[in-house]
Amino acid sequence: MKKIVFTGGGTAGHIYPNIAIIEELKNYEVHYIGSNGMEKQILKNFPNVIYHEIPTVKFDRTSIFKNFALPFKLYKSIKAARKILRQINPCVIFSKGGYVSLPVAIASKKLKINLITHESDLSLGLANKIISRYAKIVCTTFEQTSISHKNFIWTGQPIRKQIFEGDKNKVLKKIGYQNKPIILFVGGSLGSTKINSLLKEPSYLTDKYTIIHAVGKNNIGSISHSQNYYPFAYLDPISDFYSAADIVVSRAGSGVINELLALKKTMLLLPLSKNASRGDQIENAKLFKEKGYAEIILDENLNQRSLQQNIEKMFKNIDFYKKNMQKTAKNNANEQIIELIKKFS
C-alpha cells in the first residue's frame, strides 16, 4: 500500500482541511507529522492515522529579538522531520502550510519526495512562501491567488463532509428555542477576546435575537448567562450550530468563511487587525464583501453600536447575500486534491 504524509497544525484552519482529505482518501497508509499542539489532540480521534511529533518553531512578529534562535531550532525540526520521513518513505506529502509544515517541506526536498501544499488565504503566508519553492503544486482556495504562477492550481478550500450534515433541531433543543432569529458568534478555535468583550453585556442584542456564542474553552468560566444568550466553550459538532444560525458573526479565517459560503450562510466578518496578524483576514473579508457574500467591520470600527447596526442591516437584506452566494460553483476541492495526490504518488 502506498504511504502518504500529511502535515499542518497550530490552528484549526491548518488541521481540518487535512482531515477533509484524509476522510475521503482511499488505499493509502496515512501518516501525520505535527507538533505537540492542537493537531495532536484532534488526530487522536482518527485511529487509522499514524501520528509523528516533531519540535516546531514559530516566527514571532511582536519582537525580532525573540527570533534570534529560530534558525537553530528550525534546523533541529528539519532534522527530526527528515528522520521520520526516511522511516516512512512516503510517495507524496500533502502540506496545509503554516509553521508546523515548514520543516517537513524542507526535509522533503533533500529526500526528493513529491510535495503538494495548499494555501487557504488570498495571499501566501510566510511559511507557504518558502514551502512553495519546494512544492510540485500549490493548491489555492481563491482563484486570484493562482493567477500568474506556473505551478499554482485553483482547487478551492477542502471542506469536511460533516459540515453539510448539521441538525439544527439538536441545537434548538439545547437552548430551548424561543422563536427569535439566531445569531451565531464564532471567534476561532480558541475564542476571541474582542468578541467576548462585545458580548459581556449582550442585552442590546438579546431583546431581538437569540445569541449563541463560542467563547473558547479557557474563557467559559468567566462568562455570565442571561436570557436569550447561550455561551459554549466550543461548538461540537459545529455543523449543528451552523445549521441553526440565521446569521454567523465570525473572524475571517479562510476555513470558516469558506465553510459558511459552501452552506450559503449569511455572515458578518470581523477580521483580525494587522496588529494581531499579517492582514490575511482583512484581505479575505474584503474579497467576500466585494462579491456580496458578507459585510465586514474592521477592528478599529468595531463596537457594540457598529455591530448592532450591521446586524440589523443584514437581516433587512438577507436575500441579497443569499442570492450572491447561490451563484458560486459547487466546491469540489476534496476531489481535485485527491486526484493531484494520486497523480504525484
Side-chain angles (χ1 to χ4, degrees), residues 11-13 38 62 168 170-253 255-257 259-260 265-277 279-282 284-285 288-289 294-316 318:
T11 67
M38 183 186 297
T62 63
K168 69 178 181 181
K170 291 180 180 178
V171 174
L172 301 182
K173 187 176 180 180
K174 280 181 185 178
I175 66 176
Y177 182 53
Q178 297 179 2
N179 201 33
K180 290 185 177 183
I182 294 175
I183 305 173
L184 174 64
F185 283 80
V186 182
S189 49
L190 300 177
S192 163
T193 302
K194 186 68 175 279
I195 293 175
N196 289 0
S197 67
L198 287 168
L199 295 176
K200 192 172 184 180
E201 298 292 339
S203 59
Y204 67 102
L205 294 175
T206 52
D207 286 344
K208 292 178 66 174
Y209 311 110
T210 296
I211 305 300
I212 298 175
H213 179 197
V215 302
K217 65 178 182 179
N218 295 328
N219 304 315
I220 190 68
S222 61
I223 301 294
S224 300
H225 291 247
S226 61
Q227 189 174 13
N228 294 328
Y229 171 74
Y230 302 93
F232 291 83
Y234 54 90
L235 307 175
D236 185 29
I238 197 169
S239 54
D240 290 348
F241 291 87
Y242 282 163
S243 180
D246 295 292
I247 284 180
V248 181
V249 181
S250 173
R251 290 302 195 187
V256 65
I257 66 175
E259 287 177 350
L260 295 172
K265 282 290 174 181
T266 306
M267 58 190 108
L268 174 56
L269 303 179
L270 315 177
L272 284 169
S273 71
K274 288 188 176 181
N275 292 329
S277 70
D280 50 298
Q281 289 200 9
I282 296 173
N284 297 342
F288 269 43
K289 163 74 173 175
E295 295 295 334
I296 67 173
I297 308 176
L298 296 178
D299 199 64
E300 58 267 28
N301 301 322
L302 180 56
N303 52 53
Q304 288 185 347
R305 181 174 175 79
S306 64
L307 182 62
Q308 183 181 32
Q309 288 176 338
N310 273 274
I311 286 171
E312 289 175 357
K313 172 187 174 183
M314 295 189 75
F315 270 110
K316 288 178 183 176
I318 201 163

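The structure presented is a predicted model; accordingly, all values stated were derived computationally and were not measured.
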*Asks:* Show the atom names and distances, to 0.1 Å, of all donor-acceptor pairs under 3.5 Å that link a side chain in residues 203-212 to residues at least two apart or in another chain.
*Replies:*
| from | atom 1 | to | atom 2 | distance (Å) |
| --- | --- | --- | --- | --- |
| Tyr204 | OH | Leu198 | O | 2.8 |
| Thr206 | OG1 | Pro202 | O | 3.3 |

*Asks:* With a cut-off of 6.0 Å (strictly less than), are more than 12 heavy atoms of other residues, nucleotides or ligands near NZ of Lys168?
*Replies:*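 No, because the 6.0 Å sphere around NZ of Lys168 holds 12 heavy atoms or fewer from other groups.
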
*Asks:* Heavy atoms only: give me the nearest Tyr229-Val215 pair and the separation to one decimal.
*Replies:*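 Closest approach of Tyr229 to Val215: OH-CG1, 4.1 Å.
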
*Asks:* Indicate the atoms forming the closest heavy-atom contact of Leu272 with Gln281, along with that distance.
*Replies:*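 Heavy-atom minimum between the residues: N-OE1, 3.1 Å.
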
*Asks:* First locate atom CD1 of Ile247, then atom CG of Asn310, and finally report the distance between them rounded to the nearest 0.5 Å.
*Replies:*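 Reported value, rounded in 0.5 Å steps: 10.0 Å.
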
*Asks:* Just how far is it from atom CG of Leu268 to atom CD1 of Ile297, taken to the nearest 0.5 Å?
*Replies:*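 The distance works out to 4.5 Å.
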
*Asks:* Set out, in order, the CA-CA distance, both residues' side-chain angles and the distance that settles side-chain contact (heavy atoms from CB on, under 4.5 Å) for Asp246 and Thr266, then state yes or no.
*Replies:* CA-CA 7 Å; Asp246 295 292; Thr266 306; over 6 Å; no

*Asks:* Rounded at 0.5 Å granularity, tell me how far CD1 in Ile195 sits from CG in Leu270.
*Replies:*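 Reported to 0.5 Å precision, the distance equals 5.0 Å.
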
*Asks:* Testing the basics here: between Met314 and Met267, what is the closest heavy-atom pair and its distance to 0.1 Å?
*Replies:*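 So the two residues come closest at CE-O, 3.0 Å.
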
*Asks:* Hey, is the main chain of Asp240 close enough, under 3.5 Å, to the side chain of Lys170 for a donor-acceptor pair?
*Replies:*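 Checked: no pair found.
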
*Asks:* Any side-chain heavy-atom pair from Val256 and Val248 closer than 4.5 angstrom?
*Replies:*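 No. Closest side-chain heavy atoms not under 4.5 Å.
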
*Asks:* Considering only heavy atoms from C-beta outward, does the side chain of Ser197 approach that of Lys200 to under 4.5 Å?
*Replies:*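 A side-chain contact is absent here, since even the closest heavy-atom pair is not under 4.5 Å.
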
*Asks:* Nearest 0.5 Å please: distance from the NZ atom of Lys265 over to the CD1 atom of Ile318.
*Replies:*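 The distance works out to 8.5 Å.
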
*Asks:* Within a reach of under 6.0 Å around NZ of Lys174, are more than 12 heavy atoms found that belong to other residues, nucleotides or ligands?
*Replies:*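 Yes, the 6.0 Å shell around NZ holds more than 12 heavy atoms from other groups.
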
*Asks:* Checking the side chain of Asn284 only, and the main-chain atoms of Ala252 only, is there a donor and an acceptor separated by less than 3.5 Å?
*Replies:*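 Checked: pair present.
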
*Asks:* Can you tell me how far apart OG (Ser273) and CD (Glu300) are? Round to the nearest 0.5 Å.
*Replies:*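 Here the interatomic distance stands at 7.5 Å.
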
*Asks:* Check whether any side-chain heavy atom of Ile175 sits under 4.5 Å from a side-chain heavy atom of Phe232, and report yes or no.
*Replies:*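 Yes, their side chains come closer than 4.5 Å.
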
*Asks:* When rounded to the nearest 0.5 angstrom, what is the spacing between OG in Ser243 and CG in Leu172?
*Replies:*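 Ser243 atom OG to Leu172 atom CG measures 8.5 Å (nearest 0.5 Å).
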
*Asks:* Heavy atoms only: give me the nearest Glu259-Tyr242 pair and the separation to one decimal.
*Replies:*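 Shortest heavy-atom contact: OE1-OH, 3.0 Å.
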
*Asks:* Compare all side-chain heavy atoms of Pro271 with those of Asp299 and state whether any distance is below 4.5 angstrom.
*Replies:*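 They are not in contact (no side-chain heavy atoms under 4.5 Å apart), so the answer is no.
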
*Asks:* For Phe288, check ring pair (Phe, Tyr, Trp, His ring centres under 6.0 Å) against everything at least two apart and list the hits.
*Replies:*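 Per chain and number, Phe288 pairs via ring pair (Phe, Tyr, Trp, His ring centres under 6.0 Å) with Tyr293.
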
*Asks:* Should the heavy atoms of other residues, nucleotides or ligands under 6.0 Å from CD of Glu312 be counted, would the total exceed 12?
*Replies:*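 Atom CD in Glu312 is crowded, with more than 12 foreign heavy atoms closer than 6.0 Å.
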
*Asks:* Do Ile182 and Tyr230 have side chains that approach each other closer than 4.5 Å (heavy atoms only, starting at C-beta)?
*Replies:*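 Heavy-atom side-chain distance check fails, nothing below 4.5 Å.
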
*Asks:* If you define the side chain from C-beta out and look only at heavy atoms, does anything of Leu307 sit under 4.5 Å from Val249?
*Replies:*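 The answer is yes, as the side chains (C-beta and beyond) meet within the 4.5 Å cut-off.
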
